[in-house]
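As the structure lists them, so they are numbered: ligands from 1, and atoms in each ligand from 1.
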Amino acid sequence: MKWNAGLYQDKHGYVAEYGKELLEYVADDKTQIILDLGCGTGELTNELAQKATVVGIDGSESMIRKAEERYPQIEFHVMDACSLKWRDYFNVIFSNAVFHWIRDQQSLLKSIYHALKTEGKLICEFGADGNISKIQKSFHDATRKYGYGFTSPFYFPTTHEYKQVLEQAGFNIELIIDYDRPTALKDGKFGLRNWLKQFFAMDLSNFTMDQQIDTFETIEGHLYSDLWDGKQWVADYRRIRVIASK
Ligand code: BEZ
């Protein structure tokens with residue numbers, strides 16, 4: 001997926017806002033070295049930098065350039081999370097709202113395992129089973145009339161499934177939970193279509209502008225009774241939260 005770093009930072013700031021709760025699991029200890037995996041524009045990386053030495057990586061060049069511009073004192077790299085270049089190096093690998101973009105979880109967890117020191121911790125949160133299920137179903141239904149066969153690109157596991165994946169990769173699980181986290185989208189009545197423009201950009205690129213507008217209107221109609229709270233759109237997010245050690 002090609003990220004629009006400007007739109008992301010402007011309209012989807014809540015991604016980092018919600019990630020702040022996850023920061024509470026990270027100890028204040030200046031001797032630690034932390035990797036922020038999938039750091040985006042670097043807001044949480046900067047929060048982590050108050051606690052420890054931190055390095056941020058992201059697969060998107062535009063996100064990393066924005067992060068470097070905002071926080072020039074922090075080390076950032078464009079890097080594939082499945083091919084981390086470090087061995088036995090980090091005390092903590094932290095990641096918020098990223099793992100669901102990565103299909104090959106075995107490679108991801110292998111890469112993280114190698115990059116962690118012994119007893120180092122993976123602290124992460126991402127989309128759980130059922131995450132954005134109403135939005136995805138509605139997108140599927142609204143685009144079918146154009147002959148489009150939408151299939152979800154995301155990985156949203158159950159806790160049961162993900163526990164097995166972590167254990168197979170060699171991790172000891174300290175915490176694994178899932179929970180509903182309804183998420184208010186910015187920009188009033190335009191919130192849902194802005195969210196779709198950001199995160200379903202690849203799928204939307206298959207349609208003309210008129211078809212895209214029709215798709216937004218159809219989805220807004222479908223979801224109005226479930227996801228419009230009278231003032232704003234509230235996306236049906238579900239999270240899985242994990243703490244696991246090497
Ligand atoms: C999420 O954070 O759950 C998410 C965001 C964009 C697309 C899919 C999921």
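The ring-ring contact (aromatic ring centres under 6.0 Å, His included) test applied to F99 returns F126, not counting sequence neighbours. With sequence neighbours excluded, the residues forming a ring-ring contact (aromatic ring centres under 6.0 Å, His included) with F207 are Y146, Y148, listed by chain and number.
In the vicinity of W101, heavy-atom distances shorter than 4.0 Å reach the ligand 1 atoms 6 (C), 7 (C). With ligand atoms numbered from 1 in the order given, ligand 1 contributes 6 (C), 7 (C) to contacts under 4.0 Å with heavy atoms of F199. Every atom of ligand 1 is numbered from 1 in the order shown, and the set under 4.0 Å from a heavy atom of N131 is 1 (C), 3 (O), 9 (C). Taking every heavy atom of I132 and a limit of under 4.0 angstrom, the matching atoms of ligand 1 come to 8 (C).
At least one heavy atom of W195 lies less than 4.0 angstrom from ligand 1.
Taking the six-membered ring for Trp and thresholds of 30 and 60 degrees, W86 and F90 have ring planes more than 60 degrees apart, a perpendicular arrangement.
Of the candidates R239, H100, R181, R239 brings a heavy atom nearest to atom 3 (O) of ligand 1.
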Full working for side chain to side chain donor-acceptor pair (under 3.5 Å) between Y25 and R241: CA-CA 11 Å; Y25 292 93; R241 180 175 291 180; 3.1 Å; yes
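Under the 6.0 Å cut-off for aromatic ring centres, F200 and W195 qualify, their centroids lying closer than that.
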